[in-house]
Structures are given as structure tokens and as C-alpha cells.
Amino acid sequence: MRKRTLFRLAAGTAAVGAATLAYASLVERNLFTLRRYDVPVLPADTEPLRILHLSDLHMMPDQRRKQSWVASLAGLDPDLVVVTGDNMAHPGAVPGVLRALQPLLDYPGAFVFGSNDYTGPVWKNPFTYFLPDREYAEGAALPYDELRDVFTGAGWVDLNNARTTIKAGGRLIELAGVDDPHIERDDYSAVAGPVSPSADLSVALSHSPEPAVLDLMAADGFGLLLAGHTHGGQVCVPGVGALVTNCGLPRSMAKGLHRWPGSDAWLHVSAGLGTHPTAPVRFACPPEASILTLIPR
């Protein structure tokens with residue numbers, strides 16, 4: 001009787017595990033979701049401004065469902081499009097990225113790159129994400145210069161260790177960004193300095209939301225900080241949330257909108273739209289894009 005009970009328990013556990021894996025790999029990772037947030041960062045008595053924040057597409061050439069969904073976001077008519085990196089997951093991904101983003105290139109835009117814009121992913125044991133000092137492994141080289149040329153050719157601003165101002169939504173917006181801190185390509189000293197008092201809004205970008213970088217951005221007066229990288233944890237526990245962030249950010253801030261501690265800045269971390277191709281699962285953390293409606297403080 002006891003052996004039979006243990007067998008049934010093991011069989012039931014295996015069945016639940018198999019069903020969960022099937023849901024995470026076949027269903028939830030394709031449940032593309034639009035998040036909406038109001039962010040009080042504008043001066044008083046000004047009209048709202050809308051930013052579409054995209055991150056972590058991790059595009060494979062044949063992901064037509066994802067490409068079509070992202071392309072449909074042009075119907076939101078954003079004032080500004082911001083992309084915070086990790087666009088590619090395959091050397092042949094540029095056409096797929098462009099199928100997704102082409103309708104959005106007609107809008108003012110800005111971008112930074114992530115590690116998976118420079119080199120492709122490699123297989124890794126997912127449990128190594130719990131190791132803070134794990135060694136970063138590079139895969140095949142990716143055509144990031146080709147992607148950069150398309151973005152800048154459409155008028156989007158390259159903010160990899162760069163700073164500028166643009167007009168969007170009838171406002172003067174100061175923008176700064178760093179290349180990916182996750183692979184130590186960031187150089188905030190190249191863009192550091194107090195925000196311009198003449199700008200209507202100041203926004204700073206980083207692919208990986210490393211606190212050391214975000215602290216510097218907030219100290220310079222940037223009111224809105226945008227990042228991705230975390231995938232929101234990718235595999236979360238209902239009621240608990242993310243188990244890892246793959247960076248120095250606390251698990252409680254793995255995705256969504258948060259006030260950055262010790263400052264007046266707001267941080268938005270996108271849970272992203274893709275997955276590592278060797279671990280194509282999401283659980284309790286569907287792929288997402290966000291529309292941020294900026295409103296008066």
C-alpha cells in the first residue's frame with residue numbers, strides 16, 4: 001500500500017511538472033502582453049507624453065508571431081520609442097528584428113545595446129544564474145553594426161555611452177545611455193553631468209539595471225531610468241516573484257515601475273519579449289512591452 005501511494009505521488013508530481021513545462025514553453029512564452037504605467041515626471045500643467053519601451057526581443061529568424069505582435073504596437077502612436085537591447089539571438093536575426101520594428105522606425109526613437117546584440121547565446125546550466133560571480137560565455141558574433149546602421153539610418157539615436165537632446169511629442173527631451181554594464185562596456189563618465197534645465201524631460205537608458213550605474217544617472221537628475229535584461233526573472237514563483245535578476249538589482253525590482261531609492265527618479269524595468277533560445281520558457285512572467293504615459297508630477 002505504501003509503495004503504491006509513493007508511486008502515485010511520484011507519477012502525479014511528474015505529470016504536474018510535465019504540464020507546467022509544456023505551458024511555460026508552448027503557451028506563456030507566446031502570451032505577449034502590453035503593460036501600461038502612468039509616470040509622474042513632467043512639469044506641472046503639461047500635456048502627457050507616451051513612451052513605448054521595448055527590450056530583450058532575443059529574436060530568432062522564424063519567430064513570426066512575435067514579429068507581428070511587436071509591429072502591431074505602432075497602432076499605439078507613441079511619441080517616443082525606446083529599445084533597451086538584446087535584440088538578437090541568431091546571426092540571421094536582423095530581418096526578423098526589422099519585420100518587428102519597421103513600423104516603429106517612423107517614430108522618434110533611441111536605443112542601447114545588450115550583450116546579445118554583440119554575441120549570440122550559448123547553452124548554459126540555468127542554475128548558474130544563482131551564482132553571482134559566474135563567468136560570462138560568448139557565442140557567435142552577431143551583426144550589431146548592421147542593426148545599428150538601420151536604427152540610426154531611420155533617425156533613432158544611438159545612446160551607447162552617448163548623450164543628446166531630441167524633439168518628441170513637442171517636447172525637448174534630454175537622453176543619455178550606456179553600453180551594456182553586464183559585459184563591462186559601460187562608460188558613464190563619457191556622458192556624466194547634471195541634466196539640462198532647458199529640457200522638458202530627462203531620460204537615461206541602460207540594458208542591465210546595475211545599481212552603480214543607476215545611482216549615477218539619478219544623481220545627475222535624470223527623472224526616468226529605463227532598462228531591461230532581467231526578463232522579470234523569466235521563471236517566477238506565484239506569490240513570490242522573481243528568483244534571480246542576473247544583475248545587482250533586488251529581486252523585488254525585477255520588472256515594472258519603481259521609485260529609485262534615495263532619489264526623485266523613477267525606474268522602469270521591462271520584463272522583455274523573448275527568452276534565451278536554449279531555455280525557451282516563461283512561467284508567471286509573460287513576455288511584455290510597456291507604454292509609459294508620462295504625466296505631471
Side-chain angles (χ1 to χ4, degrees), residues 24 28-29 33 35 37 39 53-58 82-87 89 112-119 121-138 177-186 188 204-218 222 224-263 265-290 292:
E28 185 166 317
R29 76 181 179 96
T33 301
R35 306 290 185 194
Y37 298 93
V39 192
H53 182 191
L54 305 174
S55 198
D56 297 88
L57 290 169
H58 290 282
V82 169
V83 176
T84 49
D86 274 10
N87 296 283
V112 292
F113 282 153
S115 60
N116 286 153
D117 291 303
Y118 296 108
T119 58
V122 296
W123 186 90
K124 62 190 75 174
N125 183 337
F127 290 102
T128 62
Y129 283 101
F130 292 94
L131 303 177
D133 299 320
R134 66 185 178 86
E135 184 177 349
Y136 176 73
E138 294 185 0
V178 293
D179 208 338
D180 191 2
H182 186 63
I183 51 174
E184 300 180 349
R185 294 181 66 106
D186 58 306
Y188 188 72
L205 281 61
S206 174
H207 173 66
S208 178
E210 295 296 345
V213 174
L214 299 179
D215 281 339
L216 295 173
M217 292 172 165
F222 287 92
L224 179 59
L225 315 177
L226 302 178
H229 177 71
T230 66
H231 295 194
Q234 190 166 320
V235 175
C236 298
V237 176
V240 175
L243 299 178
V244 295
T245 63
N246 196 25
C247 63
L249 198 69
R251 291 185 296 109
S252 61
M253 303 175 77
K255 62 180 177 180
L257 184 68
H258 307 272
R259 177 75 83 173
W260 186 245
S263 76
W266 290 91
L267 167 67
H268 178 259
V269 180
S270 172
L273 284 157
T275 65
H276 193 292
T278 66
V281 296
R282 277 185 177 257
F283 186 75
C285 187
E288 67 177 43
S290 297
L292 309 176

At their closest point, which heavy atom of [X] faces which heavy atom of [Y], and how far apart are they?
X: Val112; Y: Leu205; value: CG1-CB, 4.0 Å
X: Thr275; Y: Pro280; value: OG1-CA, 3.3 Å
X: Thr245; Y: Ala254; value: CG2-CB, 3.9 Å
X: Leu54; Y: Ala289; value: CD2-CB, 3.5 Å

[atom2] on [Y] to [atom1] on [X], rounded to 0.5 Å:
X: Ser55; Y: Leu273; atom1: OG; atom2: CG; value: 8.0 Å
X: Leu224; Y: His53; atom1: CG; atom2: NE2; value: 9.0 Å
X: Leu267; Y: Leu226; atom1: CG; atom2: CG; value: 8.0 Å

Can you confirm whether [X] sits close enough to [Y] that some side-chain heavy atom of one is under 4.5 Å from a side-chain heavy atom of the other?
X: Arg259; Y: Trp266; value: yes
X: Leu292; Y: His268; value: yes
X: His231; Y: Cys285; value: no

Can you tell me if [X] uses its side chain to pair, donor with acceptor, with the backbone of [Y] under 3.5 Å?
X: Asp180; Y: His182; result: yes
X: Thr230; Y: Gly232; result: yes
X: Asp117; Y: Gly85; result: no
X: Gln234; Y: Val281; result: yes
X: His258; Y: Lys255; result: yes

Would you be so kind as to tabulate the donor-acceptor pairs closer than 3.5 Å made by side chains of residues 207-217, with sequence neighbours excluded?
unit_1: His207; atom_1: ND1; unit_2: Thr84; atom_2: O; d: 2.6
unit_1: His207; atom_1: NE2; unit_2: Asp86; atom_2: OD2; d: 3.2
unit_1: His207; atom_1: NE2; unit_2: His229; atom_2: ND1; d: 3.3
unit_1: Ser208; atom_1: OG; unit_2: Glu210; atom_2: OE2; d: 3.1
unit_1: Glu210; atom_1: OE1; unit_2: Gly248; atom_2: N; d: 3.1
unit_1: Asp215; atom_1: OD1; unit_2: Trp260; atom_2: NE1; d: 2.8

Which residues pass the side chain to side chain contact (heavy atoms under 4.5 Å, CB included) test with Arg35, sequence neighbours left out? Thr33, Tyr37, Pro286, Glu288, Ser290

Quick one: side chain to side chain contact (heavy atoms under 4.5 Å, CB included) partners of Pro261, sequence neighbours excluded? Met253

Within 45° of the axis and under 6.0 Å from the centre of the six-membered ring of Phe113, does NZ or CZ of Arg185 qualify? no

